[in-house]
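Below is one structure, written out as structure tokens, with a few remarks after it.
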Protein chains: 2
Amino acid sequence: MTITSHQHQAGDLHFLKRLNRSAILEMVRRTPGMTRADIATRAQLTKATVGGGVQTLLKQGWLVEGELLKSSGGRPGRALHLNDQRHVLLGAEVSVHGLQVIACTLSGKTLHQRHIRMAPDAPDTTAEALAELIREVIDHPELNERQLLGLGVALPGPIAPDRPLLHLAPNLGWRDVRFLDLLRTKLPALGGRWLLDNEAKAAAFGELYFRTDKIPESLLYVSAGTGIGSGIVGGGHWPLVTRGTHGLAGEIGHTVLQPGGLYCHCGNRGCAETLVSGWALRAALGVGEEEDLVDTLLHRQREPEVGLALKRAGEALGTLLLNLHHTLDPAEIVLGGSLTRLGTPLLKPALEYFTANQNRLLGTTQQRPLRIIDDSTFTAARGAAAEVLANTIHAAA
Amino acid sequence: MTITSHQHQAGDLHFLKRLNRSAILEMVRRTPGMTRADIATRAQLTKATVGGGVQTLLKQGWLVEGELLKSSGGRPGRALHLNDQRHVLLGAEVSVHGLQVIACTLSGKTLHQRHIRMAPDAPDTTAEALAELIREVIDHPELNERQLLGLGVALPGPIAPDRPLLHLAPNLGWRDVRFLDLLRTKLPALGGRWLLDNEAKAAAFGELYFRTDKIPESLLYVSAGTGIGSGIVGGGHWPLVTRGTHGLAGEIGHTVLQPGGLYCHCGNRGCAETLVSGWALRAALGVGEEEDLVDTLLHRQREPEVGLALKRAGEALGTLLLNLHHTLDPAEIVLGGSLTRLGTPLLKPALEYFTANQNRLLGTTQQRPLRIIDDSTFTAARGAAAEVLANTIHAAA
DNA sequence: GGAGGTATGTTCAATCTTTTTACTTACCCT
DNA sequence: AGGGTAAGTAAAAAGATTGAACATACCTCC
């Protein structure tokens, strides 16, 4: 995604009008049921301006009027809601385990989702399979008559921040792939905005963007699967993902936790991934690629060797969380990825370490909100869909 | 500083005008010698709008007209420059070693600076001493007739992101100090904007904000002194500092590099600061508080014990840099703080490790720009002054 | 050396968006 | 039922940018 939002830019009257309409739309999206008067107060605009903007957004089908609210002494306000019937967002993810496609509404409600298990394959073959899955989702009756706003695709590797290019996905065996271009040849008719993002960054964005109450000012998503990735998103009402110059931001799997430790596939020693990751657990416990790692370990969890390995991996995960806490200080942390299904044996040591040490510096007793997603199959795909919406609202509205 | 820039806000016509004037001012600041026509092209505004804005900024004394530029076929453009004669920015820093105050112009040129060595003392006593130093700087003839835009103060500890409150400065022995309020009682007559920031974040901001050529899209400042801190600033033409929910972002001294390692003063084990920091080197090599650490070690650098300690500290610093690279992926890294004066014995191992491993993930050979500031005495103070300017331009222009 | 060409910068009426002001609508309380 | 209060709308007024014409200034070419 290429939101150039906080570039220090100038603007004309048309820009101002779009800015105000975006602000209205964002407010109603974030706080369903707001009235025109509420918006005017919060946005520091006059009733007339808001009235005009709302009228346009109603006519264009972005908003719908809802129920009449309780009066607070005078004429009661009319609730405004997103029009959840008119549009559809598509999100997709290529992961090590398979392909995911999700179709959802503006408010993030899932209309239809599909998931197929598939071993990593060449980019072109994968694009073909993904295109087929997307076609199946589009043809679902729930999507009937809806206008497609676009497609977001999430991949497990660093993406160039300025163009849709995947630099490297070691777990897929891909390198320098222009995946959207490939996909476009398979789906020439699919309209709307297309964008590509890293899996953890997309997930982080979606977890924050679709929230409607108690919106944290920043959110860190940690994705613990075959590899370890993360995404940080922050910036108030207009969330911005930190990408870094080469899209490398958040590649925490290769931060060093144990100088002089085991060799990592990246060539360095002691990377976090050598301690906690799907591939490290497979290597340590001798689980073959043909087996499902999590199922196998859940089955073998009585073995002392397995318990110890998970405990050590958990402690490393806790250390990683603490390091991120001290580097980024997010308002909320969400933990996802296939390894969360391992449950207590992995997570308890992680959370214990994080809980015990997160307040060392400030001496407060407040715990950082930390949520664990048990099944994050569609989290990244959903986040990619969220990015489509954010892009659309920002650009047009 | 409280720049609410990328809050998703609405705006009226007056807001638009201010936005455009800010954009003009920022452009000329960043690219001295631009003409009105250049600005119009870059900002996507018409010549008329730019002409009007420039006229206002000239009248208000922010800009001055310069030389007539070479013609490119037609009428030559008139160069525009910041008016560096009219205003003054004040920056100050309270560090473990003493107090620093700097007065500089809009373009960051130093008008006068003062530095006194002083052991950490109570907040009130320190505020009194700093106030006196500020008075001396203000009275310097170089500042004659200049309008003061404000004062920025940098402190070595996490600052609340929403209000000028220092949470904790272990190396000063301070806790929950409203330092600006204290200072205000000593300097009731000093006008302009006042703001408080963490030392490393202020330094990072200043290093990016006062740059006029080859402006990196993001910059990481690592401050290696008694403690280890960092600041990351990014966001194109309008730099934004990552602060975190509790102002804890960048407190990398307490990221864990050696699980189960030495105890840190924070209570945890294996923090980066136990491996590389002024206090860790003092403890490891038995240097007393009354001695200057760097001078002592430079004197003793022949001792094998010292060489080994510096080498190990350097390797830890390199690891820290690599972890930050994989977490934030900054376009440029600047290394400052009192320990940089230790030179090669510390820095060579650090740079070697960072250089050898920074390209593990992408497989490129490009080296990340990394600059070392030999004498960073005034870097943080200067950065705090830069924050004053940014705040002023953003708010008023 | 003068005419033509080209790009910069200014002026002023036209256009567009927000605000201001007045008004209508709709509910609550007495 | 009537006064009070707040939401929402309509039309005129205010304010900012644009568009087009114009003045300015240098370069090139004849």
Side-chain angles (χ1 to χ4, degrees), chain A residues 9-25 27-28 31-60 63-81 396-397, chain B residues 9-25 27-28 31-60 63-81 396-397:
Chain A
Q9 68 175 13
D12 57 7
L13 289 167
H14 196 248
F15 162 83
L16 184 63
K17 190 172 188 177
R18 266 194 352 223
L19 185 76
N20 288 344
R21 278 212 304 264
S22 300
I24 294 171
L25 194 47
M27 277 191 196
V28 175
T31 315
M34 279 186 106
T35 66
R36 293 167 176 79
D38 293 339
I39 297 170
T41 309
R42 288 255 296 263
Q44 303 251 61
L45 294 172
T46 59
K47 292 184 294 179
T49 309
V50 174
V54 167
Q55 212 154 36
T56 310
L57 290 168
L58 286 169
K59 199 175 300 171
Q60 292 181 342
L63 297 180
V64 285
E65 288 191 315
E67 70 285 7
L68 221 51
L69 296 176
K70 286 277 174 291
S71 161
S72 55
R75 172 178 172 177
R78 177 70 70 178
L80 295 169
H81 296 275
Chain B
Q9 68 175 12
D12 58 7
L13 289 167
H14 195 248
F15 162 85
L16 183 63
K17 192 172 188 176
R18 266 195 351 226
L19 186 77
N20 288 345
R21 276 211 306 263
S22 299
I24 294 171
L25 193 46
M27 277 191 196
V28 176
T31 316
M34 280 186 104
T35 66
R36 293 167 176 77
D38 293 338
I39 297 170
T41 310
R42 288 255 295 263
Q44 303 251 59
L45 294 172
T46 60
K47 292 184 294 178
T49 308
V50 174
V54 167
Q55 212 153 35
T56 309
L57 290 168
L58 285 170
K59 199 174 301 171
Q60 293 180 342
L63 298 179
V64 285
E65 287 191 316
E67 70 285 8
L68 223 49
L69 296 176
K70 285 276 174 290
S71 162
S72 54
R75 170 177 172 177
R78 177 69 69 177
L80 295 168
H81 296 276

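Here is how names work: the chains are called A, B, and so on, in the same order as the sequence lines, proteins then strands, and each is numbered from 1. Small disclaimer: the values here were computed from a predicted structure and weren't measured.
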Could you tell me how far apart [X] ([atom1]) and [N] ([atom2]) are, to the nearest whole angstrom?
{"X": "B:L68", "N": "C:dG9", "atom1": "CG", "atom2": "C1'", "result": "11 Å"}
{"X": "A:K70", "N": "C:dC29", "atom1": "NZ", "atom2": "P", "result": "11 Å"}
{"X": "A:R21", "N": "C:dC16", "atom1": "CZ", "atom2": "P", "result": "14 Å"}
{"X": "B:K17", "N": "C:dC16", "atom1": "NZ", "atom2": "C1'", "result": "16 Å"}
{"X": "A:R18", "N": "C:dC16", "atom1": "CZ", "atom2": "C1'", "result": "15 Å"}
{"X": "B:K59", "N": "C:dT10", "atom1": "NZ", "atom2": "P", "result": "12 Å"}

Compare every heavy atom of [Y] with every heavy atom of [X], then report the nearest pair and how far apart it is.
{"X": "A:I24", "Y": "A:G53", "value": "CD1-CA, 4.1 Å"}
{"X": "B:H81", "Y": "B:P32", "value": "ND1-CB, 3.8 Å"}
{"X": "B:A23", "Y": "A:A10", "value": "CB-CB, 4.0 Å"}

TODO: Take B:L16 and A:G77, find for each the nucleotide of DNA chain D with the closest heavy atom, and name the residue whose nucleotide sits nearer the 5' end.
DONE: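 Its nearest nucleotide being more 5', the pick is A:G77.
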Nearest 0.5 Å, please: how far is [atom2] in [Y] from [atom1] in [X]?
{"X": "B:N20", "Y": "B:I39", "atom1": "CG", "atom2": "CD1", "result": "11.5 Å"}
{"X": "B:L63", "Y": "B:R21", "atom1": "CG", "atom2": "CZ", "result": "11.0 Å"}
{"X": "B:K47", "Y": "B:T41", "atom1": "NZ", "atom2": "OG1", "result": "10.0 Å"}

Open item on the list: B:L19 vs A:F15, test: side-chain contact (heavy atoms from CB on, under 4.5 Å). Steps then yes/no.
Closed with: CA-CA 12 Å; B:L19 186 77; A:F15 162 83; 3.8 Å; yes
Task: Axis bend over the full length of the helix from C:dG1-D:dC30 to C:dT30-D:dA1, computed from five pairs that close each end, to 10 degrees - done: 0°
Expected rows: protein N/O vs nucleotides 19-22 of chain C N/O, under 3.5 Å:
unit_1: C:dT19; atom_1: OP2; unit_2: A:T46; atom_2: N; d: 3.3
unit_1: C:dT19; atom_1: OP2; unit_2: A:T46; atom_2: OG1; d: 3.0
unit_1: C:dT19; atom_1: OP2; unit_2: A:T49; atom_2: OG1; d: 2.6

Task: Residue list, side chain to side chain contact (heavy atoms under 4.5 Å, CB included) with A:E65, at least two apart or on another chain - done: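 Checked A:E65 against side chain to side chain contact (heavy atoms under 4.5 Å, CB included); matches are A:R36, A:L58, A:R78, A:L80.
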TODO: List in numerical order all residues of residues 31-38 of chain A for which some heavy atom is under 4.0 Å away from an atom belonging to DNA chain D.
DONE: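 Here the set is A:T35, A:R36, A:A37.
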TODO: Please figure out whether B:R78 or A:N20 has its closest DNA chain C nucleotide nearer the 5' end.
DONE: B:R78
TODO: For B:D12 and A:L45, indicate whether the former's side chain and the latter's backbone hold a donor-acceptor pair under 3.5 Å.
DONE: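 No, because the side chain of B:D12 does not come within donor-acceptor range (under 3.5 Å) of the backbone of A:L45.
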TODO: May I ask you to decide if B:T35's main-chain N or O and B:D38's side chain share a donor-acceptor pair within less than 3.5 Å?
DONE: yes
Task: Start and end of the DNA chain D segment that chain B contacts, any atom under 4.0 Å from a heavy atom - done: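 Contacts span D:dG15 to D:dC27, reading 5' to 3'.
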Collect all protein-nucleotide pairs involving nucleotides 4-6 of chain C in which both atoms are nitrogen or oxygen and the distance is under 3.5 Å.
unit_1: C:dG5; atom_1: N2; unit_2: B:G73; atom_2: O; d: 3.0
unit_1: C:dT6; atom_1: O2; unit_2: B:G73; atom_2: O; d: 3.4

